[in-house]
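The structure appears right after this line, and notes come after that.
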Amino acid sequence: MDTITAKLDPRTRVGWLLLGFALGGFFDGIVLHQILQWHHLLSGLADPAGSDLRFQIMADGLFHLFMYVFTVAGTVLLVAARAAGRRAVTTTEILRLAFIGFGVWHLVDAIVFHWLLGLHRIKMNSDMPLAWDIGWLVIFGIVPLLLVLVLPNRGGPAGASAALTSIVLLAGLAAGAGPLFNGAATSVIVFRAGMQPAAMMQAVQAADADLKWVDASGTIWAVDRVSWRGLMTLHARGALVVGTTPVIAGCLAWTDAAGASSRPIQQ
């Protein structure tokens, strides 16, 4: 880290490191859990927890919530440093700190979650999981850390800093309110455990939503759309999560037949 970065206010330095770390976690969750669907956070657990889709989806959601906490903490530190009149951070400094945080996340993920705890591997159904672990670590963990050493020094304040922070925060909020911005897409509803099918059906009907299918556990339902009023109605009647697939609500955008089963709605 160059002498310019070393003179940064500690809150600025830690703030951008936390944002980079959180972005690394969000990147893995979105790409691996939701788009590629190679694993869930706790796919390495033995059955029955390892094969319980509802449990796995909830664990993924809690993981993203944890990353969002890091994002908010980093943002608070950056705002505090700016309010104290500390010098403006440069574009190079932002990129270096963010790359460090991004790379450190992948180091922690590989060493702690993959190899020490065995919570999951990069590609769970691979015959060579270690090769996938190492390849992912090199590309998204080691390479960003090496880029820190070769980025050119550029002076001047970075006007992009506020924009990047705003984008990160808005992305998290948009994910949580996905059904409200993509009403034509399928919405997936996760009801609390122990609810009777009749109560879940009444909740869906009260929300004026049309059913598409119910998963094998009977607690995950898919409907064609959810309105603002319907969203509040579902949560009031026992829904834990209401998400839109596959564009915005990533934690519920699962389609892998090997990892989920569903049964059609009987008309």
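We count residues from 1, following the sequence as given.
Scored by the ring-ring contact (aromatic ring centres under 6.0 Å, His included) test, F55 finds no partners at all (sequence neighbours excluded). Residues meeting the salt bridge (Lys or Arg N to Asp or Glu O under 4.0 Å) test with R11, sequence neighbours left out: D9. By the side-chain contact (heavy atoms from CB on, under 4.5 Å) test, A209 is found to be paired with V204, V223, residues two or more places apart in sequence or in another chain being considered. For F99, the ring-ring contact (aromatic ring centres under 6.0 Å, His included) criterion is met by no residue, not counting sequence neighbours. With sequence neighbours excluded, the residues forming a side chain to side chain donor-acceptor pair (under 3.5 Å) with H114 are D109, H120, listed by chain and number. With sequence neighbours excluded, the residues forming a side-chain contact (heavy atoms from CB on, under 4.5 Å) with V76 are V72, listed by chain and number. Qualifying side-chain contact (heavy atoms from CB on, under 4.5 Å) partners for F27, counting only residues two or more places apart in sequence or in other chains: V31, F102, H106, W136, F140. When the side chain to side chain donor-acceptor pair (under 3.5 Å) test is applied to W38, no partner is found at least two apart in sequence or on another chain. Shown here are the salt bridge (Lys or Arg N to Asp or Glu O under 4.0 Å) partners of D208, two or more places apart in sequence or in another chain: R229. With sequence neighbours excluded, the residues forming a side-chain contact (heavy atoms from CB on, under 4.5 Å) with M195 are F191, R192, A199, M200, listed by chain and number.
Judged as a salt bridge (Lys or Arg N to Asp or Glu O under 4.0 Å), not a single pair has a partner in residues 22-38 (not counting sequence neighbours). Each salt bridge (Lys or Arg N to Asp or Glu O under 4.0 Å) pair with one or both residues in residues 116-132, not counting sequence neighbours, appears once here: R121-D133.
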